[in-house]
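Heads up: the structure comes next, in structure tokens.
The model shown is predicted, which means the values in this text are computed figures rather than measured ones.
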Amino acid sequence: MRLLARLRTPAICLMWIAFSIESLTAETSSSTSTHPKPIHVLLVTGGCCHDYDFQTKALQLAVKEAGINAVWTVAAEGGKSKDAQFSIYEDENWSAGFDVVVHNECFAKTTDADYIARIAKAHYAGTPAVVVHCAMHTYREAKIDDWREMLGVTSRRHDHQSRYPVTVSAPDHPIMRDFPASYVTQMDELYIIEKQWPSMVPLATSVSERDGKSHPVFWTNKYGDAQIFGTTYGHSSAMFEDQTFLQTLTRGMLWAAGRLN
């Protein structure tokens, strides 16, 4: 409740447009950080179907309260559309200077092959990523597989919202350390995974209430030289109030960036 109360306070405003980071540094960097070297994070967010403003605040606050010295750049474009393109990706070197990119966007109808390939190329060259929920359905209608191979999974639909039990399949992985053995999500959607790409490693699964099949919900992927961490959860604001989910996102972000000790 403490996290929720802080996020609902009108004076807290942590949403920035791409690359305006001067005030951001002061807000998210801490002199008492357990990570004295800042981690530079690009968060790409926007699109339909979710409260991205709230999710952005929740993730930033969770990272800060974990004692991580993070410098954020938030690229928030596209409004509630389903086919937007981000101006940040116009530059071939769009990921330069970032330790990790968090993709939390929802643009299923964007299909420009050159645009999508430019995004994936930067990750293939070594830029780590965290991919959250509707990032799996972003570029869903595109003909090329570059983005889906980067994600590590292919998904085009989801089951209804429910509270899904999560079964850890890789308890020794550093991201899953201390993950509760009997964890059940807040109300959220279960994404149907049609394909697991060869370098994808499931960390945890949930079972569909419709057909009884098990689907990865947390995983890692190796894409070129980049480490990728993914989760299909994160639809509801309730999940971004869930401390276990936020802790796992934070650990996944550090792991992808090579900073999880």
Heavy atoms, side chains only, cut-off 4.5 Å: are [X] and [Y] in contact?
X      : Y      : result
Thr248 : Phe229 : yes
Leu61  : Glu65  : yes
His123 : Ser95  : no
Pro180 : Thr244 : yes
Val132 : His103 : no
Thr232 : Ile193 : yes
Met136 : His158 : no
Ile39  : Val41  : yes

Residues [X] and [Y]: side-chain donor-acceptor under 3.5 angstrom:
X      : Y      : answer
Ser155 : Glu194 : no
Asp188 : Thr185 : no
Thr138 : Trp147 : no
Asp159 : Ser208 : yes

Any donor-acceptor N/O pair, [X] side chain to [Y] backbone, under 3.5 Å:
X      : Y      : value
Glu149 : Trp197 : no
Arg177 : Asp172 : no
Arg148 : Tyr139 : yes
Thr45  : Asn104 : yes
Gln227 : Asn221 : no
Gln186 : Arg163 : no
Ser236 : Met187 : yes

Could you tell me the separation between the [atom1] atom of [X] and the [atom2] atom of [Y], rounded to the nearest 0.5 Å?
X      : Y      : atom1 : atom2 : result
Lys64  : Leu59  : NZ    : CG    : 13.5 Å
Leu151 : Ile228 : CG    : CD1   : 8.0 Å
Glu77  : Ser87  : CD    : OG    : 3.5 Å
Asp83  : Asp112 : CG    : CG    : 11.5 Å
Thr231 : Met239 : OG1   : CE    : 6.5 Å
Ser162 : Glu189 : OG    : CD    : 11.5 Å

- request: Quick one: do Lys57 and Asp53 satisfy salt bridge (Lys or Arg N to Asp or Glu O under 4.0 Å)? Show the steps, please.
  value: CA-CA 6 Å; Lys57 296 172 186 177; Asp53 185 19; 3.5 Å; yes

Of all the heavy-atom pairs spanning [X] and [Y], show the shortest one and how long it is.
X      : Y      : result
Ala142 : Thr110 : CB-O, 4.2 Å
Ile175 : Gly252 : CD1-CA, 3.9 Å
Ala84  : Gly78  : CB-CA, 3.5 Å
Ala204 : Ser169 : N-OG, 3.4 Å
Leu246 : Ala58  : CD2-O, 4.2 Å

field: Criterion ring-ring contact (aromatic ring centres under 6.0 Å, His included) on Phe107 and Phe86, from CA distance to verdict
entry: CA-CA 11 Å; Phe107 298 105; Phe86 281 71; 5.6 Å; yes

query: Taking the six-membered ring for Trp, are the ring centroids of Tyr233 and Phe245 within less than 6.0 Å of each other?
result: no

query: So, do Phe240 and Phe54 have ring centers that fall under 6.0 Å from each other?
result: no

- prompt: Only one of His160, His133, His215 clears ring pair (Phe, Tyr, Trp, His ring centres under 6.0 Å) with Tyr191; which?
  reply: His133

message: Run Leu254 and Ile68 through side-chain contact (heavy atoms from CB on, under 4.5 Å) and show every step you take.
response: CA-CA 9 Å; Leu254 291 175; Ile68 297 164; 3.6 Å; yes

- request: Determine, stepwise, if the pair Phe179 / Leu203 fulfils side-chain contact (heavy atoms from CB on, under 4.5 Å).
  value: CA-CA 11 Å; Phe179 193 93; Leu203 301 181; over 6 Å; no

task: Check the pair Lys222 / Met200 against side-chain contact (heavy atoms from CB on, under 4.5 Å), numbers first and verdict last.
output: CA-CA 7 Å; Lys222 182 69 172 177; Met200 178 270 207; over 6 Å; no

query: Does the pair Cys106/Cys48 show an SG-SG distance of less than 2.5 angstrom?
result: no

task: Look at the side-chain heavy atoms of Ile, Leu, Val, Met, Phe, Trp and Tyr, link any pair under 4.5 Å apart, and say whether Val130 and Leu260 land in one connected group.
output: yes

message: Test of understanding: with ring-ring contact (aromatic ring centres under 6.0 Å, His included), list the residues that count as partners of Tyr164, not counting sequence neighbours.
response: none

query: Quick one: side chain to side chain donor-acceptor pair (under 3.5 Å) partners of Asp146, sequence neighbours excluded?
result: none

- request: Inspect the surroundings of NZ in Lys213 and state if more than 12 heavy atoms from other residues, nucleotides or ligands are less than 6.0 Å away.
  value: no

query: Is Arg157 atom CZ crowded by more than 12 heavy atoms from other residues, nucleotides or ligands, each under 6.0 Å away?
result: no

message: Ring-plane angle category for Tyr223 and Tyr124, please: parallel below 30°, perpendicular beyond 60°, tilted otherwise.
response: perpendicular

